[in-house]
Amino acid sequence: MKKLTNSRRLFLQQSSLAGLALVGSSPWSSASTKPLGNQPEVGKRIGIIGLDTSHATAFTKALNAPDASQYAGYKIVAAYPKGSKDIVSSTERVPAYTVEVQKYGVEIVNSIQELLTKVDVVMLETNDGRLHLEQALEVLKAGKRMFIDKPIAASLKDAQAIFAASEKYKVPIFSASSLRFSPSAQEIRAGKVGKVIGADAFSPMKLEKTHPDLFWYGIHGVETLFTLMGTGCKQVNRYINEEQEVVVGVWNDGRVGTFRGLKNGKQEYGGTAFGSNSVAHLGAYGGYDPLLMKIIDFFQTGTPPVSKEETLEIFAFMEAADVSKNRNGATVSLADMYSKK
């Protein structure tokens with residue numbers, strides 16, 4: 001019998017994997033396929049942890065496109081598929097997303113440790129924030145710079161632990177929603193309206209029982225609010241009805257910012273910044289490219305585009321909102337969230 005060519009062998013491996021996915025078998029348990037095409041130079045090889053979110057396929061499609069010159073040669077070369085263990089909306093995506101990224105030459109590996117031998121930097125895409133601390137520790141111990149997709153963790157405590165490990169191992173990280181880098185939000189942050197004296201932001205607010213209420217999807221609108229307002233929020237109150245929820249934050253200098261979570265009705269993202277010079281409404285969502293450009297710049301320079309302090313304050317804001325909910329809308333101090341045991 002004639003030996004199989006590399007392309008024929010790859011085709012059979014991918015076909016076999018697709019068949020396994022259709023019957024519900026674990027795709028990462030079969031033989032891994034080899035990456036296709038020209039490989040990026042050492043230093044520009046990206047690995048993905050978690051193929052249970054559409055971000056993983058969207059990022060792969062963009063970065064591994066033939067004409068992706070704007071990303072400085074960075075390519076996704078390997079992925080470890082396992083993400084959430086019990087969030088059905090995540091687990092059911094893994095087989096199809098595994099097959100999808102393979103179309104772009106991504107090698108599927110069987111462990112994070114194996115992944116780390118093949119890549120230079122990491123995108124932690126697991127949808128389940130509860131797993132991020134455990135997964136991030138493996139990457140940080142290996143000395144790999146890492147972008148952690150939202151939410152950075154499923155609790156403020158875990159988020160603090162991730163940053164502490166980053167400092168311990170001297171490996172920079174950052175986490176952000178793509179909404180942060182929408183052009184109109186960045187223009188306002190840069191001073192388009194003068195000093196922002198108040199802001200309103202809104203986004204869909206889908207809930208996931210395994211995560212605090214705002215962590216799963218409301219984080220997009222909360223991060224938009226902090227992009228406009230900056231840090232310094234001292235207290236929140238939360239108001240709830242069947243259609244939407246509003247969290248009102250008061251900053252140390254007296255400024256007021258609100259997050260409106262949309263549970264029903266039209267599901268959109270947006271906001272308004274009230275400035276010392278003018279009022280501006282956020283424009284259309286800028287897509288993933290602005291975030292990807294920031295990630296690549298971070299991989300190259302090691303300089304996070306979002307500070308640890310701002311990320312942690314966002315999580316303190318969201319946890320304080322949950323406490324306010326449990327106290328029927330009472331005022332809750334963010335400082336109390338940091339000191340919780």
query = Hey, is the main chain of Glu114 close enough, under 3.5 Å, to the side chain of Ser111 for a donor-acceptor pair?
reply = yes
Notebook entry, point to check: So, does Ser276 use its side chain to make a donor-acceptor pair with the main chain of Lys195 at under 3.5 Å?
Noted result: yes
### Task
Indicate yes or no: at least one non-hydrogen side-chain atom of Thr311 is less than 4.5 angstrom from one of Phe163.
yes
Checklist entry - Looking only at atom types and distance, does a side-chain atom of Ser182 sit under 3.5 Å from a main-chain N or O of Ser184, one as donor and one as acceptor? => result no
- Going by the angle between their ring planes, with limits at 30° and 60°, are Trp251 and Phe317 parallel, tilted or perpendicular? tilted
Check your understanding: For the side chain of Glu310 and the backbone of Gly230, is there at least one donor-acceptor N/O pair under 3.5 Å apart?
Key -> no
| field | Pairwise side-chain contact, Val101 with Tyr104, heavy-atom cut-off 4.5 Å (strictly under) | value | no
**OP:** Using a strict cut-off of less than 4.0 Å between a Lys/Arg side-chain nitrogen and an Asp/Glu carboxylate oxygen, indicate whether Arg45 and Asp120 qualify as a salt bridge.
**Re:** yes
request  = Compare all side-chain heavy atoms of Val171 with those of Met146 and state whether any distance is below 4.5 angstrom.
outcome  = no
**Study point:** Parallel, tilted or perpendicular: rings of Phe147 and Phe174 (30°, 60°)
**Key:** tilted
(request) Given side-chain hydrogen bond (donor to acceptor under 3.5 Å, both in side chains), test Thr210 with Glu208 step by step and report yes or no. (result) CA-CA 6 Å; Thr210 60; Glu208 164 53 48; 2.9 Å; yes
Leu137 and Tyr80: same hydrophobic cluster, using ILVMFWY side-chain contacts below 4.5 Å?
yes
Are Tyr239 and Val323 linked, directly or through intermediate hydrophobic residues, by side-chain heavy-atom contacts shorter than 4.5 Å (ILVMFWY only)? no
Measure from the side-chain N and O atoms of Asn64 to the backbone N and O of Ile76, and report whether any donor-acceptor pair falls under 3.5 Å.
yes
### Message
Counting only heavy atoms not in Lys44 (residues, nucleotides, ligands), do more than 12 fall under 6.0 Å from its NZ?
### Response
yes
Sequence neighbours excluded, the answer for side-chain contact (heavy atoms from CB on, under 4.5 Å) partners of Ala321 is Leu214, Arg238, Val247
Q: Please check if the side chain of Arg260 supplies one atom and the backbone of Phe202 the other of a donor-acceptor pair under 3.5 Å.
A: no
Exam field: side chain Ser324 to backbone Ala330, donor-acceptor pair closer than 3.5 Å: yes
Test your reading of the model: is there a side-chain donor-acceptor pair from Glu319 to the backbone of Leu156, 3.5 Å cut-off?
yes
One should read off an interatomic distance between Glu243 CD and Asn264 CG, to the nearest 0.5 angstrom, of 4.5 Å
For His220 and Tyr217, take the angle between the two ring planes, folded into 0 to 90°, and tell me which bin it lands in: parallel under 30, tilted 30 to 60, perpendicular over 60. perpendicular
Quiz prompt | Asp52 side chain near Ile87 side chain, heavy-atom distance below 4.5 Å | solution = no
Rounded to the nearest 0.5 angstrom, the OG1-CD distance for Thr126 and Gln135 is 3.5 Å
May I ask you to decide whether Lys263 forms a salt bridge with Glu245, counting only side-chain N to carboxylate O separations under 4.0 Å?
yes
One should read off an interatomic distance between Phe315 CZ and Ile219 CD1, to the nearest 0.5 angstrom, of 4.0 Å
Between Leu291 and Phe59, is there a side-chain heavy-atom distance shorter than 4.5 Å? yes
Check the pair Thr258, Asp200 against side-chain hydrogen bond (donor to acceptor under 3.5 Å, both in side chains), reporting the backbone distance first and the verdict last. CA-CA 5 Å; Thr258 68; Asp200 301 328; 2.7 Å; yes
Can you tell whether the side chains of Glu125 and Arg93 come within less than 4.0 Å, N to carboxylate O? no
Correct closest heavy-atom pair for Lys75 and Ala68 would be NZ-CB, 3.9 Å
Problem set entry | side-chain contact (heavy atoms from CB on, under 4.5 Å) between Met337 and Val332, intermediate numbers included | CA-CA 9 Å; Met337 301 302 98; Val332 176; 3.7 Å; yes
Original post:
Below 4.0 angstrom, N of the basic side chain to O of the carboxylate: do Lys150 and Glu223 qualify?
Top reply: no
The residue among Val77, Ile49, Val139 that forms side-chain contact (heavy atoms from CB on, under 4.5 Å) with Val119 is Val77
Distance col, row Ser278:OG vs Ile188:CD1, nearest 0.5 angstrom, shows 8.5 Å
Q | Non-hydrogen side-chain atoms of Ile296 and Met293 separated by less than 4.5 Å | A | no
In short, Gly287 meets Pro290 closest at the heavy-atom pair O-CD, 3.5 Å
Note to self: I'd like to know if Val121 and Tyr288 are part of one continuous hydrophobic network [Ile/Leu/Val/Met/Phe/Trp/Tyr, side-chain heavy atoms within less than 4.5 Å].
What the structure shows: yes
Assess the residue pair Ile295 and Tyr74 against the criterion (side-chain contact (heavy atoms from CB on, under 4.5 Å)); give the C-alpha distance rounded to whole Å, side-chain angles, the decisive distance to 0.1 Å, and a yes or no. CA-CA 10 Å; Ile295 293 171; Tyr74 281 82; over 6 Å; no
For the pair Ser84 and Asn127, evaluate side-chain contact (heavy atoms from CB on, under 4.5 Å) and give the outcome as yes or no after the intermediate values.
CA-CA 7 Å; Ser84 179; Asn127 226 9; 5.7 Å; no
| query | Any sub-3.5 Å donor-acceptor pair from Thr57's side-chain atoms to Ser54's backbone N or O? | reply | yes
In short, Val236 meets Gly249 closest at the heavy-atom pair CG1-CA, 4.2 Å
Does Val122 belong to the same Ile/Leu/Val/Met/Phe/Trp/Tyr cluster as Ile112, with side-chain heavy atoms less than 4.5 Å apart forming each link?
-> yes
Interatomic distance, CG@Leu262 vs CD@Glu268, rounded to 0.5 Å, equals 8.5 Å
Ring pair (Phe, Tyr, Trp, His ring centres under 6.0 Å) filter on Tyr71, not counting sequence neighbours, yields none
Between Tyr285 and Ser178 the two heavy atoms that sit nearest each other are OH-OG, 2.8 Å
Joint cluster assignment, Leu116 & Tyr169, ILVMFWY side-chain distance < 4.5 Å:
yes
Answer whether the closest heavy-atom distance between the side chains of Met123 and His55 falls below 4.5 Å. no
Distance col, row Ile314:CD1 vs Thr227:OG1, nearest 0.5 angstrom, shows 6.5 Å
Given Gln160 and Leu312, is the side-chain contact (heavy atoms from CB on, under 4.5 Å) satisfied, shown in steps? CA-CA 7 Å; Gln160 290 172 308; Leu312 292 178; 3.9 Å; yes
Taking every heavy atom of Leu207 against every heavy atom of Asp213, the minimum-distance pair comes out as CD2-O, 3.5 Å
Just checking Glu134: does its CD atom have more than 12 heavy atoms from other residues, nucleotides or ligands closer to it than 6.0 angstrom? no
Shortest non-hydrogen pair, Ala78 vs Val109, comes out as CB-CG1, 4.4 Å
Worksheet entry | Test item: His132 side-chain N/O and Ile152 main-chain N/O as donor-acceptor pair under 3.5 Å | yes
Requested in this report: Determine whether Arg180 and Arg189 make a side-chain contact, defined as any pair of heavy atoms from C-beta on separated by less than 4.5 Å.
Outcome: yes
